[in-house]
Amino acid sequence: MSSVQTLPRPSWLHTAVGRKVVMALTGLFLMSFLVVHLAGNLLLLRNDGGAAFNAYAEFMSTNPFIRVLEILLFAGFVLHIYQGLYFIWREKKSRPIGYARNAAHANTTLFARSMRISALVILLFLVVHLRHFFVEHRFLGSSLTMYDSCKLAFENPYYTLFYVASSVLLAFHLAHGFYSSFQTLGLVMNHRIERLVKVAGAAFAFLVPLGFAVIPLYFWIRTF
Amino acid sequence: MRFTLRIWRQKNAQDPGRFETYEVDGISPNTSFLEMLDVLNERLIKEGKEPVAFDHDCREGICGSCGLFINGRAHGPLPNITTCRLYMRHFRDGETITIEPFRAKPFPVIRDLVVDRSALDRIIQAGGYISVNAGSAPDANAIPIPKPVADRAFDYATCIGCGACVAACKNASAMLFTAAKVAHLALLPQGQPERRQRVQKMVAQMDLEGFGHCSNTGACAVECPAKIPLTAIAQLQRDFIWAHFTPDPYAR
Amino acid sequence: MSFTENWGKSCGTTVGLPATPKGSRRPLQQVRELRERFWREVRVPGTGAEFNQNLEKALRVADFLELGELMIVDAYHREESCGCHLREEYQTPEGEALRRDEEYAYVAAWEWAGENEPPILHKEPLQFEFVKPTVRSYK
Ligand code: SF4
Ligand code: FES
């Protein structure tokens with residue numbers, strides 16, 4: 001019997017499993033970012049005329065450590081999106097002829113099926129969001145404080161609606177993404193853990209986007 | 001019962017193929033899906049037409065050959081079942097039933113509803129085995145294995161290689177199939193010597209065959225007639241990550 | 001498909017258990033006719049150039065017809081009763097199978113000698129070293 005030989009390793013990142021892991025790791029990283037971002041944003045709800053929030057915004061844009069993280073964050077986004085695009089391409093390649101009749105709703109969740117649409121909306125949101133706040137303040141030197149900038153934006157009902165809608169789709173994305181990340185890392189070892197992760201995922205997917213949606217709604221409601 | 005059947009007809013791999021519609025009548029609700037097709041074929045032969053080619057063998061849910069995509073689902077409208085164990089009472093009288101072959105790049109259509117699933121065999125050949133010297137069978141209790149472990153390994157071992165997981169997956173991924181074998185052998189002492197290499201080889205072969213990536217939608221586990229759970233995939237992921245990120249203790 | 005029905009009739013009524021007395025060659029004749037008719041009338045949908053499940057089935061039927069004929073030939077040749085092979089003229093006064101081990105303690109291996117040629121008999125003797133065959137008794 002020949003001994004076990006080692007196959008030339010396919011470049012790790014190029015296996016289906018490796019790519020999944022990149023997707024999961026960047027996903028988890030982005031989720032942790034969401035938490036931090038939300039925690040900061042909730043300062044907007046403090047009735048102090050934006051003092052706390054402005055201080056926080058100032059800190060975030062000047063602290064060197066945060067600046068490094070910022071670059072990592074961008075890299076995370078880029079990788080996550082890149083893998084996503086690759087998967088779309090690969091899906092077409094793996095099934096060139098599709099089904100005439102497909103009842104995917106019978107064996108998958110709405111969230112899992114809508115990953116692509118939710119991703120697209122989130123991406124669109126990101127562009128608008130970054131343009132409005134990040135680019136405006138960091139590069140174009142807006143004369144407003146961050147707090148005033150937010151207030152101004154969210155007093156516009158359309159803007160608020162867009163933010164709330166994006167939050168809903170973010171919830172969709174997280175509803176599958178949270179569980180999926182843990183599964184991909186091989187952590188969902190038995191049905192007990194599976195239940196746990198799914199419950200935690202549902203809570204996460206509900207609470208975090210809710211937090212994000214509450215802020216624009218708060219500013220908008222105050223206009224009445 | 002009466003049914004309108006929309007069946008995929010394709011002469012050979014080169015033929016682009018098309019749907020054709022047939023009517024069947026007088027079908028007993030207790031007819032199995034395959035028997036219903038037999039009735040149709042019998043009639044087609046008598047009418048001098050070409051009968052519909054479809055794969056079948058054991059007709060009792062153990063061989064995995066009867067892969068059909070029925071009304072948008074692998075093995076039809078019930079979860080965790082093979083086509084041969086599907087009965088016409090599970091359909092509405094007068095219903096239009098769409099029957100397609102399993103679709104995936106690595107599953108080329110041979111004829112009508114018959115596809116070539118040998119890509120799955122090649123994944124097993126790549127690493128889904130243990131190497132032992134043949135000889136007299138060892139004593140059954142020579143290697144003690146805890147009951148829960150043996151049970152779990154057995155659950156994973158029940159995959160019948162039907163390919164429904166691939167057919168149902170939106171990515172045409174063979175992950176559940178591959179993971180079932182990886183997880184089965186990973187749990188048993190006999191599987192340990194080749195464990196690191198096995199998962200790498202099998203994943204490499206899976207990619208080579210052109211199966212898609214897994215995005216954890218879980219469609220496979222819903223359709224799998226052997227009820228292979230998604231924890232098998234978690235086990236594969238774990239083993240794969242482990243094999244790549246930890247040094248091989250036995251490497252020279 | 002109607003061949004299966006005809007075939008069943010021939011077997012069940014004529015060579016079935018117990019076999020017809022020595023001398024009647026009717027079943028053999030019938031099977032030969034059936035085989036001949038099969039090859040004359042069989043219509044297999046599709047072609048041999050493509051995957052063809054009906055061709056596969058037709059070939060199986062052809063095989064079974066051939067094998068069936070051979071079994072009848074063998075049954076006539078074996079002038080004894082033995083196990084499931086029961087010839088009415090070879091039975092004990094009590095109606096049990098009458099074996100003739102002195103003459104038939106061999107396996108008959110038949111060689112194909114060509115279409116319409118009688119097959120050639122090769123005898124593979126049965127040798128028992130430790131356990132000798134005895135006549136079965138249900139009493
Ligand atoms: S894992 Fe399930 S669905 Fe996939 S081939 Fe095995 S038995 Fe079929
Ligand atoms: S025919 Fe064997 S599993 Fe269905």
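Protein chains get the first letters and strands the later ones, always in sequence-line order, with residue 1 at the start of each.
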Practice task
For B/Phe154, look at atom CZ and say whether over 12 heavy atoms of other residues, nucleotides or ligands are found less than 6.0 Å away.
Solution key: no
Problem - Region of B/Ala167 in contact with chain A, defined by heavy-atom distances below 4.5 Å - result: both
Exercise for the section: Could you tell me whether the side chain of B/Ser215 reaches within less than 4.5 Å of the side chain of A/Met115, counting heavy atoms only? Expected result: no
Handout entry: A/Arg90 side-chain N/O to B/Phe211 backbone N/O, donor-acceptor pair under 3.5 Å
Key = yes
Problem - Between CZ on residue B/Phe107 and CD1 on residue A/Ile97, distance to nearest 0.5 Å - result: 14.0 Å
Problem - For chain A, the option from B/Glu209, B/Gln235, B/Arg198, B/Glu223 that forms the most heavy-atom pairs under 4.5 Å - result: B/Glu223
Problem - Region of B/Pro101 in contact with chain A, defined by heavy-atom distances below 4.5 Å - result: backbone
Handout entry: Heavy-atom neighbours of A/Trp220 CH2 exceed 12 at 6.0 Å
Key = no
Exercise for the section: Determine whether B/Leu230 and A/Gln183 make a side-chain contact, defined as any pair of heavy atoms from C-beta on separated by less than 4.5 Å. Expected result: yes
Problem - Pairs of heavy atoms under 4.5 Å with chain B: top-ranked of A/Ala100, A/Gly98, A/Ala112, A/Ala24 - result: A/Ala100
Exercise for the section: Measure the shortest side-chain to side-chain distance between B/His213 and A/Gln83 over non-hydrogen atoms and say whether it is less than 4.5 angstrom. Expected result: no
Problem - A/Phe206 atom CZ, over 12 foreign heavy atoms within 6.0 Å - result: no
Exercise for the section: Heavy atoms only: give me the nearest B/Lys105-A/Pro96 pair and the separation to one decimal. Expected result: CB-CD, 3.8 Å
Exercise for the section: Report yes if some heavy atom in the side chain of A/Tyr99 is under 4.5 Å from a heavy atom in the side chain of B/Thr98; otherwise report no. Expected result: no
Practice task
Heavy atoms only, distances under 4.5 angstrom: which of B/Pro77, B/Cys169, B/Ala126 has the most pairs with chain A? Name it, please.
Solution key: B/Cys169
Problem - Worked check of side-chain contact (heavy atoms from CB on, under 4.5 Å) between B/Phe240 and A/Thr15 - result: CA-CA 10 Å; B/Phe240 189 80; A/Thr15 62; 3.4 Å; yes
Fill in the blank from the handout: On a heavy-atom basis, the closest approach of A/Val188 and B/Ala234 is O-CB, 3.1 Å
Practice task
Identify whether the distance between the nearest side-chain nitrogen and carboxylate oxygen of B/Asp207 and A/Arg19 falls below 4.0 Å.
Solution key: no
Handout entry: pair B/Lys170-A/Arg113: side-chain heavy atoms closer than 4.5 Å
Key = no
Problem - Heavy-atom pair with the smallest gap, counting every atom of A/Ser94 and B/Ala172 - result: O-CB, 3.7 Å
Handout entry: Basic-acidic side-chain contact under 4.0 Å: B/Glu100, A/Arg101
Key = no
Handout entry: Contacting region of A/Lys93 [heavy-atom separation from chain B under 4.5 Å]
Key = backbone
Practice task
Can you tell which part of B/Leu208 gets under 4.5 Å to a heavy atom of chain A, answering side chain, backbone, both or neither?
Solution key: neither
Handout entry: chain A contact via B/Phe19 - which portion, at a heavy-atom distance below 4.5 Å
Key = side chain
Exercise for the section: For the pair A/His176 and B/Asn216, evaluate side-chain contact (heavy atoms from CB on, under 4.5 Å) and give the outcome as yes or no after the intermediate values. Expected result: CA-CA 8 Å; A/His176 178 66; B/Asn216 302 326; 4.2 Å; yes
Exercise for the section: Write down the atom of A/Met189, the atom of B/Arg152, and the distance for their closest heavy-atom approach. Expected result: O-NH2, 3.2 Å
Handout entry: Check: B/Phe69 and A/Asn102 side chains under 4.5 Å, non-hydrogen atoms
Key = yes
Exercise for the section: Could you check if a side-chain atom of A/Val17 sits within less than 4.5 angstrom of a side-chain atom of B/Met175, using non-hydrogen atoms only? Expected result: yes
Problem - Region of A/Phe111 in contact with chain B, defined by heavy-atom distances below 4.5 Å - result: neither
Problem - Chi angles and distances behind the side-chain contact (heavy atoms from CB on, under 4.5 Å) call for B/Asn171, A/Arg95 - result: CA-CA 7 Å; B/Asn171 311 306; A/Arg95 180 172 289 136; over 6 Å; no
Completion exercise
Applying a strict 4.5 Å limit to non-hydrogen atoms, the region of B/Cys220 in contact with chain A is neither
Problem - Approximate separation, where rounding is to 0.5 Å, of A/Asn107 CG and B/Cys224 SG - result: 12.5 Å
Handout entry: Over 12 non-hydrogen atoms of neighbours within 6.0 angstrom of CZ in B/Arg18
Key = yes
Exercise for the section: Check whether any side-chain heavy atom of A/Leu185 sits under 4.5 Å from a side-chain heavy atom of B/Gln237, and report yes or no. Expected result: no
Practice task
Could you tell me which portion of B/Arg6 (side chain, backbone, both or neither) has an atom closer than 4.5 angstrom to a non-hydrogen atom of chain A?
Solution key: side chain
